[in-house]
Every structure is written in C-alpha cells, then in structure tokens.
Amino acid sequence: MKNINTQVCPVALSGSLDNRIRRWLQNPRKILGPYVKEGMTVLDVGCGPGFFTIEMAMMVSKSGRVIVADMQEGMLRKVKEKIAGTELEKRVLLHKCEEDKIGVTLPVDFVLLFYMVHEVPDKQHFFKELQSILKPKGQILIVEPPVHVSKSAFEETVRIAEDAGFTVVERPKVFFSRGVVLKKG
Ligand SMILES: C[S@@+](CC[C@H](N)C(=O)[O-])C[C@H]1O[C@@H](n2cnc3c(N)ncnc32)[C@H](O)[C@@H]1O
C-alpha cells in the first residue's frame with residue numbers, strides 16, 4: 001500500500017485558501033498579470049480549490065485554456081462547482097494528477113505552482129516532467145510559504161529546477177511568500 005503524504009493540504013482546509021482576505025493580500029490578477037495573457041494555454045498544478053484558476057481563466061479569455069491539475073479529486077470537485085454553469089466551463093480542463101506524475105500532454109505557455117512544490121516528494125522528476133510540458137519560451141512561477149519553506153529549502157528547489165534545465169528570470173515580490181519565475185532553457 002502507498003504511504004499517504006502527510007505534507008499534502010487536506011480538502012477540509014481548502015476554505016482557508018480561498019477567501020476575501022487572501023484575495024486582498026495576494027490578488028491573483030496582480031500576481032499573474034505579467035505572465036498570463038489572452039489566448040495562452042496555462043497550467044495550474046496543485047490548484048487546490050481554484051483561488052488562482054478562476055482569475056487565470058478570465059485572463060486567457062475565450063481563445064485560451066486553463067488546465068487545472070490536482071492529485072486530490074476533492075479539490076478538482078471544488079473548482080468544478082465554482083465554474084458550473086458559467087462561460088468559464090468551456091476554457092477550463094480539469095485534470096487529476098498522480099503524486100509522482102502530472103500527466104498533462106497538451107503543451108502549455110505558463111505553469112503556476114503556488115504553495116505546492118514543498119508537497120511534491122520527488123522534485124527532480126517533477127521539474128523534468130514540466131520541461132516536457134512547457135512550450136519552448138514557456139515560464140513557471142513558483143511561490144512558496146515561508147512558514148513551511150525556509151530560505152535554504154526554497155533555494156534548493158530553485159537549484160533542482162535549474163538542474164532540470166530551467167533558468168531564473170526574476171524574483172517577484174508576493175505577500176508573505178518566496179517567489180521565483182523560471183524559463184525553459
Ligand atoms: C496548499 S495547496 C495550494 C492550492 C493552491 N495552489 C493555492 O495556492 O490556493 C496545495 C495543493 O497541491 C496539491 N498537490 C500536492 N502535491 C501534489 C502533486 N504531487 N501533484 C499534484 N497536486 C499536488 C494538493 O492536493 C493541494 O491541493
């Protein structure tokens with residue numbers, strides 16, 4: 001039997017990830033504005049209850065796509081409920097990941113990894129897989145919480161991503177977080 005990864009945020013706590021206070025402190029449009037553009041195909045891995053997904057779907061507009069991926073069915077169900085009956089349904093693709101495989105085959109322009117990389121057990125494999133999913137000029141935004149992820153642990157993640165072939169583009173400031181943007185190559 002597979003061990004349960006105790007680091008993973010449970011669905012029961014998803015309410016703490018989607019509320020007005022967070023929207024004010026970590027405004028999705030402000031954070032994602034420099035990277036997510038109309039017509040893009042973007043991927044939100046570890047989407048949780050979809051705090052960033054909804055805004056991303058609006059930002060890519062009708063001609064774009066958002067692939068929302070999570071290893072917990074319960075999180076994907078929350079996103080599904082949020083977009084049910086809205087025009088966003090047509091541009092949001094729900095995808096169930098495995099803990100050790102993202103499994104997305106559609107090439108993407110941008111990947112969001114918000115407060116999730118520290119929950120991934122095999123980061124080397126994770127970033128190698130992302131290399132194959134990203135389009136040639138694609139970018140990744142990694143944001144991690146400083147309580148769970150020390151400065152040195154964050155730098156170790158950046159090093160692993162660099163070993164997988166990514167290059168640091170910038171270090172954006174995100175409220176109460178550590179952040180980095182990486183590009184392919
Ligand atoms: C702390 S939540 C963050 C959710 C969302 N990104 C946000 O900022 O609101 C982390 C999410 O990552 C998911 N997750 C953890 N490890 C994962 C993996 N290896 N593959 C896919 N999803 C994963 C968890 O199920 C959980 O929904």
Side-chain angles (χ1 to χ4, degrees), residues 2-33 35-36 42-59 66-83 92-106 108 110-134 139-150 153-154 157 160-161 164 172-182:
K2 246 186 169 182
N3 287 332
I4 293 166
N5 182 353
T6 51
Q7 289 214 81
V8 173
C9 174
V11 178
L13 291 185
S14 65
S16 63
L17 292 167
D18 194 354
N19 53 63
R20 266 194 301 147
I21 295 171
R22 187 179 184 199
R23 205 169 304 282
W24 180 57
L25 297 171
Q26 293 185 337
N27 185 288
R29 202 167 272 257
K30 265 197 199 155
I31 293 171
L32 299 170
Y35 320 109
V36 177
V42 300
L43 170 63
D44 184 4
V45 186
C47 60
F51 178 72
F52 291 96
T53 309
I54 308 299
E55 205 69 43
M56 281 169 111
M58 292 195 272
M59 293 166 85
V66 181
I67 308 168
V68 266
D70 205 288
M71 56 182 266
Q72 298 188 80
E73 287 278 3
M75 293 297 197
L76 292 172
R77 219 173 297 127
K78 292 207 172 279
V79 179
K80 192 174 181 183
E81 283 163 13
K82 278 183 187 165
I83 58 172
V92 175
L93 312 172
L94 302 169
H95 174 83
K96 164 88 170 60
C97 289
E98 299 306 320
E99 188 177 47
D100 53 0
K101 188 172 168 65
I102 303 166
V104 167
T105 50
L106 208 62
V108 304
F110 173 78
V111 180
L112 177 65
L113 306 171
F114 209 104
Y115 283 11
M116 71 79 60
V117 175
H118 62 282
E119 297 184 5
V120 175
D122 185 345
K123 296 179 184 52
Q124 277 90 354
H125 181 267
F126 183 72
F127 284 110
K128 275 192 192 132
E129 190 182 355
L130 284 171
Q131 273 283 341
S132 68
I133 297 171
L134 267 181
Q139 291 193 324
I140 296 185
L141 171 61
I142 304 176
V143 181
E144 290 281 68
V147 173
H148 300 296
V149 183
S150 65
F154 186 72
T157 292
I160 294 169
K173 281 197 171 40
V174 179
F175 179 78
F176 193 59
S177 300
R178 307 186 196 285
V180 66
V181 175
L182 300 149

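Counting convention: from 1, in listed order, for ligands and their atoms alike. Numbers for residues simply follow the sequence, beginning at 1. These values consider heavy atoms only, across backbone and side chains, with no hydrogens, waters or symmetry-generated copies.
Listed by atom number, the atoms of ligand 1 under 4.0 Å from Phe52 heavy atoms are 8 (O). Set against the non-hydrogen atoms of Cys97, the atoms of ligand 1 under 4.0 Å away are 21 (C). Near Glu119, meaning under 4.0 Å from one of its heavy atoms, ligand 1 places the atoms 1 (C), 10 (C), 11 (C), 12 (O), 13 (C), 14 (N), 15 (C), 16 (N), 24 (C), 26 (C). The Val8 neighbourhood of ligand 1 comprises atoms 24 (C), 25 (O), with distances under 4.0 Å to a heavy atom of that residue.
Proximity of Arg22 to ligand 1, defined as any heavy-atom pair under 4.0 Å, is confined to the side chain (atoms from C-beta onward). Contacts between Met75 and ligand 1 below 4.0 angstrom, taking non-hydrogen atoms only, involve the side chain exclusively.
Under a 4.0 angstrom heavy-atom cut-off, Phe126 registers as lying outside contact with ligand 1. Look at Cys47 and you'll find a heavy atom under 4.0 Å from some atom of ligand 1.
Residue Glu99 places at least one N or O, backbone or side chain, under 3.5 Å from an N or O of ligand 1. When only interatomic distances are considered, the shortest N/O to N/O separation between Gln72 and ligand 1 falls below 3.5 Å. The distance criterion of under 3.5 Å between nitrogen or oxygen atoms is not met by Tyr115 with respect to ligand 1. The shortest N or O to N or O distance between Pro49 and ligand 1 is not below 3.5 Å. Distances between N or O atoms of Pro121 and those of ligand 1 include no value under 3.5 Å.
Residues Ile31 and Pro172 are not in side-chain contact: their nearest non-hydrogen atoms beyond the backbone lie 4.5 Å or more apart. A 4.5 Å side-chain heavy-atom check between Leu112 and Val42 finds every atom pair outside the cut-off. You'll find the side chain of Val149 stays beyond 4.5 Å of the side chain of Tyr115, heavy atoms only. Counting heavy atoms from C-beta outward, Leu43 and Leu106 have side chains that stay 4.5 Å or more apart. Between Asn27 and Phe175 there is no side-chain heavy-atom pair separated by less than 4.5 Å.
In terms of heavy atoms, Cys47 sits closest to Asp70 at N-OD2, 3.3 Å.
The list of salt bridge (charged side-chain N to carboxylate O under 4.0 Å, His left out) pairs with a residue in residues 18-33, not counting sequence neighbours, reads Asp18-Arg23, Asp18-Lys82, Arg29-Glu55.
For atom 6 (N) of ligand 1, the candidate residues are Gly46, Ser14, Gly48, Ser16; the nearest heavy-atom contact is made by Gly46.
The number of heavy atoms from other shown groups lying within 6.0 Å of NZ (Lys123) is above 12.
With sequence neighbours left out, Glu81 forms a side-chain contact (heavy atoms from CB on, under 4.5 Å) with Arg77.
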